[in-house]
Structures are given as C-alpha cells and as structure tokens.
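Take a look at the structure below.
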Protein chains: 2
Amino acid sequence: MARKSSRSTSFDVAALAGVSQSVVSRAFTPGSRIADETRTKVLEAALKLNYVPNSIASSLTTKRTNIVALIIGNLDNPFYVHVLHTFSRRLQAQGRQVLIFTVEPNSESDEAIMHLLKYQVDGVVLTAAQLSTRMISLCHDRGIPIVLFNRYIPGSDASGVRCDNVAGGALIAEAFLAAGAQNFALITGDLKGTTSGDRVRGFVERLLDGGVKRSQIVEVHGHSSYEGAFNATIKLIRDKSRVRPDALFGVNDIMAMGAIDALRHRLGLRVPEDLMVGGFDDIPEGRRAPYQLTTVRQPIEQMVDETLSILHLDDPTEPIPRGIDRPIKGRLIWRSSIPVPPAYRGEADAAKNEDER
Amino acid sequence: MARKSSRSTSFDVAALAGVSQSVVSRAFTPGSRIADETRTKVLEAALKLNYVPNSIASSLTTKRTNIVALIIGNLDNPFYVHVLHTFSRRLQAQGRQVLIFTVEPNSESDEAIMHLLKYQVDGVVLTAAQLSTRMISLCHDRGIPIVLFNRYIPGSDASGVRCDNVAGGALIAEAFLAAGAQNFALITGDLKGTTSGDRVRGFVERLLDGGVKRSQIVEVHGHSSYEGAFNATIKLIRDKSRVRPDALFGVNDIMAMGAIDALRHRLGLRVPEDLMVGGFDDIPEGRRAPYQLTTVRQPIEQMVDETLSILHLDDPTEPIPRGIDRPIKGRLIWRSSIPVPPAYRGEADAAKNEDER
DNA sequence: CGCTCCTATGAATACGCATTCACCGTCATA
DNA sequence: TATGACGGTGAATGCGTATTCATAGGAGCG
C-alpha cells in the first residue's frame with residue numbers, strides 16, 4: 001500500500017452522508033448550527049471512512065493550531081521535567097498539545113524561536129533558557145504571546161511568571177538562623193538567569209539582616225547540576241583556609257542533593273549533624289529517605305495556571321500581555337536536612353504525613 | 001495592536017522583491033531552480049518584512065508536517081526523560097520537532113492516537129505506554145508509521161525497537177552468580193508491558209540454568225516506581241517466613257534505587273555487604289555516589305537511531321515497515337552495588353573512569 | 001544568422017477546511 | 001391566507017504555500 005494512502009477528506013464524508021462539505025465541517029464544530037439528526041448521519045459516515053478532521057488544514061482558516069511551544073533548557077533538573085509534565089497535562093485537557101523545543105542550557109533560544117514561528121504556535125512558554133529581547137518582540141509582532149516561566153527580563157515588555165525567589169531565599173536563611181547555624185555557605189550555578197541570582201540575594205540579605213557578618217558567608221559557583229554541586233562542595237569543604245560552614249544552601253534541590261551526597265560519601269560528614277542543608281524547588285526526589293530535604297516549595301500547579309491565563313489561549317483577540325511580572329510566593333517545607341527547631345515540629349510532622357501519603 | 005497583526009505572506013515578500021510568489025517559495029526551498037541573485041534579493045525582502053514561511057500552509061501541499069509525535073507514559077522514570085531528550089535533540093537536528101503526548105502510565109494510548117491523527121504527524125514513537133492493535137492499523141492505514149520503543153506486541157504488525165531484555169536480565173543473573181549470591185529476590189512492577197516481563201524471564205531462566213532452585217528466588221510486585229520498589233522492599237525483607245535474600249534485582253534502575261534506599265534507611269542493611277543490588281537501564285542517576293549501581297546499559301542513542309531509521313521520515317514513499325522487531329543487546333556495567341569479582345575488576349575500573357569523566 | 005536547448009520566472013491550481021452568504025422550507029403570528 | 005422569522009443547508013470563497021505547466025530570454029551550436 002502506498003504511504004499516503006487513504007486519507008479521506010470532508011468531501012468524501014459529505015458524499016457518503018449525502019450532504020455538502022460545509023455540513024461535515026459543522027458536524028465537527030461544537031456549537032454550530034446543524035440538526036442533530038444530520039450530525040449523527042455525518043458522524044456515522046465519518047466513522048465508516050475513518051475520517052479524522054485535518055487540523056492542519058483547519059488552522060489555515062482559523063489561524064489557531066492548538067499547539068503551544070515549550071522551550072526548555074534543562075531536562076536534567078527534575079524540576080523542569082515536572083514543569084513540562086504539568087504543562088502537557090493541562091494543555092491536553094484543553095485539547096491542545098505541547099511542541100517541545102530543547103535547547104542547550106544557557107544558550108540563547110533565538111534559533112528555537114525562529115523555528116517555532118514557522119509552526120504558527122498559539123503561544124510560547126520559555127523555561128530554563130535565555131532569550132534575547134529581539135526575539136520577544138518578534139513573537140509579539142506576529143501576535144504570538146510568550147511567557148517566561150521562572151525567569152524575567154527586568155524592564156522588558158516580556159511577561160513572566162515566577163516563584164518569588166528573593167523571598168524564597170530568605171525563607172531558607174530564616175530556617176538556618178532558627179536552627180542556630182553560624183557559618184553559611186551557598187552553592188549556586190552560573191547566574192545568567194535571574195532565578196539563582198534572586199535566591200542568592202534573598203538568602204544573603206536575610207542573613208545580613210539577621211546580624212550575620214559578610215565574612216560568615218561563602219559563595220561557591222559550579223555547574224548548575226547535581227554533579228556541579230557535588231564537585232563544588234568537595235572543593236568548598238577541602239579548602240582549609242576558612243572555617244567549615246555548618247549550613248549549606250543549594251540554590252535548587254538537585255544541587256542540594258549533590259551537595260549532600262558529596263558531604264556524606266566523599267567527605268565523611270553527616271547531614272544535618274555536621275552540616276545542615278537547604279534546597280529550593282521541592283522536587284519529589286528531595287523527599288526521598290536519604291535526603292529529606294528542607295526546601296522551598298514552588299507551587300508548580302499555580303504557576304502553570306498563571307502562565308496559561310496570561311497566554312489567553314482561548315481568546316486570541318485579547319491584546320498580547322506585556323511586561324507582566326507575576327511573582328508567586330513559595331512555602332518552606334520542613335524536613336530533616338535542617339534540624340527542626342521546636343517551634344516548627346508540628347509543621348514538620350505535617351509535611352512528613354503529606355509526603356508519606 | 002491587534003493580536004493577529006502583521007504576519008506577512010510570501011505574496012508580500014514577492015511584491016517587495018519585485019518577483020512572483022512562486023519565486024519566493026523557491027527561494028526558501030533548498031535545491032529548487034532559482035538564480036542565486038534572485039534568491040538573495042528575495043531573502044533580503046523577507047528579512048525586511050520579518051517573513052517566516054508558514055509551515056502549516058506548506059504542509060497542506062507537501063503532506064509533511066515535520067512533526068513527530070512522541071507518546072510517553074512515564075516521565076517519573078528518568079530513563080524515559082533521557083529518551084525524550086534524545087529524540088528531541090536528534091529530530092531538531094533534522095529540522096523536525098517533537099509533539100508530546102503524555103498519557104497515564106499503563107493506560108491505553110488510544111485517545112492520544114486519535115488526537116495525533118488530527119495533527120497529521122509524520123511519524124509516531126510510543127514508549128512506556130500501552131496501545132491497542134486497532135490503533136496501529138489506524139495509523140498504518142493513514143500512512144503514518146509508528147514505532148514502539150522498548151515495547152513490542154508479539155505477532156502484530158507493529159514495529160518496535162527495544163533492548164534485548166531477556167538477555168539483559170540474564171546478565172544481571174550472571175553478575176549475581178559470579179559474585180556468589182545464594183538467595184535471590186527480584187522486584188518488578190506490573191507486567192503489562194513486555195519489558196519487565198522479559199527481564200524477569202531472562203533473569204530467572206539464567207539462574208535456573210546456573211543450578212539455582214526455584215525456591216531460592218522470590219518475586220515481589222510493586223508499583224513501577226521508586227516509591228513502589230521502596231515499599232515492596234520493606235515488605236520483602238520484613239517477611240520473616242523466608243530466608244533473607246542476599247541479591248536483589250530491581251527490574252529498572254529507578255526501582256533499584258528505591259530498593260537500595262529502603263534497605264539502608266528503613267531496614268538498616270548495607271549494600272552490597274548484606275545485600276547486593278542490580279538494576280537495568282543505566283540512568284545517570286544510578287551512577288551517583290550513594291548508588292553506584294551495577295546495571296545493564298540500554299544503548300539509547302543506538303536505539304533512537306534504529307527507531308528513526310525505521311520511521312523513514314526522509315522518504316515517505318517507502319512502504320510502512322510492519323512487524324519489525326529489532327532487539328538490541330545491552331551491556332553490563334560493573335559498579336559497586338554488586339561486589340566486583342576479581343575477574344571483572346578491570347572492567348569495573350574502566351566504567352568508573354568513564355563515569356568520572 | 002537561425003535554430004535548438006536550457007534556465008529562470010510567472011500564472012494558475014490544488015491542498016482540506018471554516019465561514020460567509022444566500023436560499024429554502026417551516027412554523028407561528030396577524 | 002399572507003407575512004415574517006428562523007433554523008438548516010449548500011455554493012462559493014479564502015487561508016498561505018508548493019508545484020505544474022507554459023513562456024521568455026539567453027547561450028550554444030552549426
């Protein structure tokens with residue numbers, strides 16, 4: 001059989017059902033004017049012919065593809081996998097699909113944008129990746145809304161949804177202070193994106209506010225990954241020129257996990273007894289028995305909701321939203337990678353119950 | 001500005017460049033008959049107008065969308081995330097994109113198929129999900145090639161690429177035997193797919209061949225996930241009615257990791273001293289310091305290559321490949337979750353070096 | 001110089017569907 | 001019975017591009 005064999009069209013169905021092609025179209029368009037009886041007749045004919053409407057063809061007239069592009073720069077961090085999964089589920093429930101564009105972490109996504117423009121996607125979500133403002137206006141000019149997820153470009157007219165990273169970083173600082181830490185370290189990746197930078201800033205500022213001296217805080221950079229944090233931690237602890245920290249903030253969970261494993265399996269230190277560790281994101285992996293990571297939970301579902309609402313997928317006549325910056329507060333989840341101060345015992349138990357469900 | 005504002009067409013470009021629309025089309029079609037000078041002129045005009053060819057419209061005539069659907073049933077297992085990532089990278093390099101369809105694990109993907117038919121995708125890859133044979137013929141009838149990744153339906157005319165799971169299971173059995181294990185346990189998820197079943201079969205058969213008695217092998221089922229294996233392991237070890245196994249095969253790496261953590265953090269056992277553990281997949285997570293998982297490596301790159309070559313994306317005139325079953329041998333990677341017998345020391349050191357690169 | 005051959009281009013058409021507009025029959029109303 | 005009003009249908013058109021076919025012009029040859 002030839003490859004492009006029998007793909008029946010609305011005309012074929014119309015012929016079989018004894019109606020016109022317009023009627024077939026209406027039979028598949030909810031809310032259009034057609035007699036129930038006729039619709040049934042058409043659907044039966046369609047079934048016989050294995051007819052499925054060609055959404056490519058209909059996009060041509062409706063100017064809607066029901067496709068949303070997701071540009072994603074880091075699938076090695078489980079957090080972004082969860083983000084992808086959440087978007088996919090939500091959009092599928094709306095009858096839309098995700099067209100995925102993977103880019104190298106920290107590389108510009110400009111090329112991806114050029115490609116997705118061809119596909120006439122209804123909207124774009126960009127996460128864990130960089131983007132030039134030129135590309136944003138290119139999308140806007142063409143009527144394609146774009147939302148940055150967990151990223152923002154201050155002063156640009158790009159819209160974004162993000163966790164309030166400054167406030168979140170402060171939460172970890174507070175947890176450390178409440179647990180009685182004295183010397184602080186933080187491990188972060190490159191600061192190209194605003195995400196890490198904000199967390200670092202919130203963390204450091206809160207510590208300084210709490211009376212900690214600058215000299216009590218060490219900042220280490222590594223590749224923004226489990227391995228990067230693993231190696232950076234080893235370097236940090238082996239550096240005998242400074243006092244060993246007793247609190248370590250991994251700027252995201254996957255890095256905190258790398259740090260914990262380095263501490264335990266390379267450096268022979270105990271967590272949290274010798275060193276308490278805090279993370280950020282609350283990925284399910286951080287809840288596992290070896291980590292029990294105290295962290296800031298990013299409310300993914302809510303952030304995805306916000307993102308979709310900004311995209312206005314349902315009514316394309318809305319003007320494209322510009323310059324929106326919607327920071328959403330995260331919540332501190334107490335587990336045992338930071339010793340739980342008495343005041344927070346109840347909260348920690350609640351989190352534990354929730355995890356075990 | 002209105003939403004669907006200024007999206008210029010090939011006619012606009014033609015007008016600006018002083019040529020006809022056909023010439024614009026040719027300017028963007030590699031290998032078509034057009035004078036270099038003219039092409040340059042057209043491209044300049046296109047640039048001025050921010051013109052990007054509308055691939056939706058061109059699909060209508062070419063009958064190619066350059067979109068490949070990927071149905072994926074389990075993003076919680078990092079293995080499938082790597083699979084997704086690999087497909088995405090490969091296809092993007094060819095100028096194609098992945099349209100993602102997430103389905104609930106172990107649910108039928110029939111609905112997803114109905115949706116992707118609308119999008120006129122050029123091909124379909126299905127992984128970690130179930131599918132009825134009816135849907136396969138539906139795709140085939142419409143000229144859409146579909147390949148099952150790590151899954152096959154014996155006797156059907158579906159094509160598939162998979163790791164040779166029977167042989168792989170046997171490799172773990174051999175490793176256990178070489179390490180001197182006496183009592184064996186295996187933890188597996190539901191056996192709906194062929195993947196787990198084959199691994200179990202290869203494992204058990206190889207043990208029996210090696211003189212192990214049936215009574216020395218315990219099989220435990222749990223949800224096919226980290227947590228499922230974690231809980232199943234606890235149940236297994238706490239069952240005092242039988243001797244404690246000294247070797248445990250997690251039917252995939254993520255389950256093996258769950259098992260290891262349960263052994264260490266709930267049951268107070270040491271790995272590999274009290275219990276050796278083997279996995280399957282060789283996900284990067286299993287290489288981490290706490291796990292050092294001895295496992296069977298699935299050659300993802302090669303499997304993806306095979307899959308793409310079966311899809312024949314480049315020449316749609318090829319007849320749709322039916323009934324292909326391409327098993328690919330995996331390779332045992334020695335790490336330290338199984339004590340390395342002297343004969344394999346060299347191999348293990350090599351793996352270690354490779355990991356640390 | 002006249003012819004053919006070939007290359008570069010333009011005009012026209014098809015792709016599959018949504019949508020507009022006109023039309024027809026029916027029913028309720030005056 | 002005549003008049004609208006309205007629900008349902010069909011014919012025709014447009015969406016943006018690829019492709020076919022015809023043509024103009026130039027190069028090469030005898």
Side-chain angles (χ1 to χ4, degrees), chain A residues 4-43 45-46 49-66 117-122 142-143 316-317, chain B residues 3-43 45-46 49-66 117-122 142-143 316:
Chain A
K4 289 300 159 196
S5 44
S6 55
R7 214 168 285 194
S8 44
T9 74
S10 55
F11 280 96
D12 301 330
V13 176
L16 181 58
V19 296
S20 74
Q21 178 267 334
S22 351
V23 171
V24 176
S25 173
R26 282 191 273 262
F28 283 93
T29 309
S32 62
R33 252 179 18 186
I34 182 175
D36 280 350
E37 194 188 359
T38 315
R39 166 169 278 146
T40 310
K41 196 170 56 181
V42 170
L43 293 183
L49 296 176
N50 278 331
Y51 170 78
V52 177
N54 180 335
S55 77
I56 293 296
S58 72
S59 307
L60 206 53
T61 59
T62 59
K63 307 213 168 302
R64 304 297 286 169
T65 52
N66 293 316
L117 285 180
K118 292 192 304 200
Y119 288 99
Q120 315 291 116
V121 298
D122 293 344
R142 300 176 66 79
T317 55
Chain B
R3 181 78 162 266
K4 289 300 159 195
S5 43
S6 54
R7 213 169 284 193
S8 45
T9 74
S10 54
F11 279 96
D12 301 330
V13 177
L16 182 60
V19 295
S20 73
Q21 178 267 334
S22 351
V23 171
V24 177
S25 173
R26 282 191 272 262
F28 283 93
T29 309
S32 60
R33 253 176 19 187
I34 183 175
D36 280 349
E37 193 187 0
T38 314
R39 164 168 278 144
T40 310
K41 195 170 56 180
V42 170
L43 294 182
L49 296 177
N50 278 330
Y51 169 78
V52 177
N54 180 335
S55 76
I56 293 297
S58 74
S59 306
L60 204 53
T61 60
T62 59
K63 308 212 168 301
R64 305 296 287 168
T65 51
N66 292 318
L117 286 180
K118 292 192 303 201
Y119 288 99
Q120 315 291 115
V121 298
D122 293 345
R142 300 175 65 80

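In what follows, every chain begins at residue 1, and chains take the letters A, B, ... in the order their sequences are listed.
The side chain of Lys63(B) places no N or O atom within less than 4.0 Å of a non-bridging phosphate oxygen (OP1 or OP2) of dA18(D). Not one side-chain nitrogen or oxygen of Tyr119(A) sits closer than 4.0 Å to the OP1 or OP2 atom of dG16(D). Contact annotation: Thr61(A) does not reach the phosphate of dA18(C) (side-chain N/O to OP1 or OP2, under 4.0 Å). Residue Thr62(B) has no polar side-chain atom (N or O) positioned under 4.0 Å from OP1 or OP2 of dT17(D).
Taking atom CD1 on Ile34(B) and atom P on dA18(D), their separation rounds to 12 Å, with Å as the unit. Gln21(A) has its CD atom 11 Å from the P atom of dT19(C), to the nearest Å. Remark: P of dA22(C) and CZ of Arg33(A) are 13 Å apart, rounded to the nearest angstrom. When the P atom of dC17(C) is taken as reference, atom CZ of Phe11(A) falls 9 Å away, rounded to whole Å. Arg39(A) has its CZ atom 10 Å from the P atom of dG8(D), to the nearest Å. Rounded to whole angstrom, the span from the CD atom of Gln120(A) across to the P atom of dT17(D) amounts to 8 Å. With rounding to whole Å, Arg7(B) atom CZ is found 9 Å from dG16(D) atom P. Separating the CG atom of Leu117(A) from the P atom of dT17(D) is a distance of 13 Å, rounded to the nearest angstrom.
Taking 4.5 Å as the limit, every side-chain heavy atom of Lys63(A) sits out of range of all side-chain heavy atoms of Arg7(B). Residues Ser55(A) and Ser58(A) have side chains in contact (heavy-atom distance under 4.5 Å, counting atoms from C-beta outward). A heavy-atom distance below 4.5 Å is not found between the side chains of Thr9(A) and Asn54(A).
Counting any heavy atom pair closer than 4.0 Å across all strands shown, Thr38(A) reaches sugar-phosphate atoms only and no base atom. Heavy atoms of Val19(A) sit under 4.0 angstrom from primed sugar atoms or phosphate atoms, though from no base atom. Contacts of Thr9(B) with the nucleic acid, taken as non-hydrogen atoms under 4.0 Å apart, involve only primed sugar atoms and P, OP1 or OP2.
Judged by distance alone, with hydrogens and angles left aside, the side-chain atoms of Thr65(B) form a donor-acceptor pair with the main-chain N or O of Gln120(B) at under 3.5 Å.
Contact of Ser22(A) with dA18(C) (side chain to base): no donor-acceptor pair of N or O atoms is detected under 3.5 Å. Counting atom types as modelled, Arg26(A) pairs a side-chain N or O with a base atom of dG10(D) as donor and acceptor under 3.5 Å.
The residue among Lys41(A) and Ser10(B) whose nearest nucleotide of DNA chain D lies closer to the 5′ end is Lys41(A).
The side chain of Ser58(B) lies closest to dA18(D) when the candidates are dT19(C), dA18(D), dG7(D).
In plain terms, the two heavy atoms of Arg39(A) and Ala27(A) that are nearest each other are NE-O, 3.1 Å.
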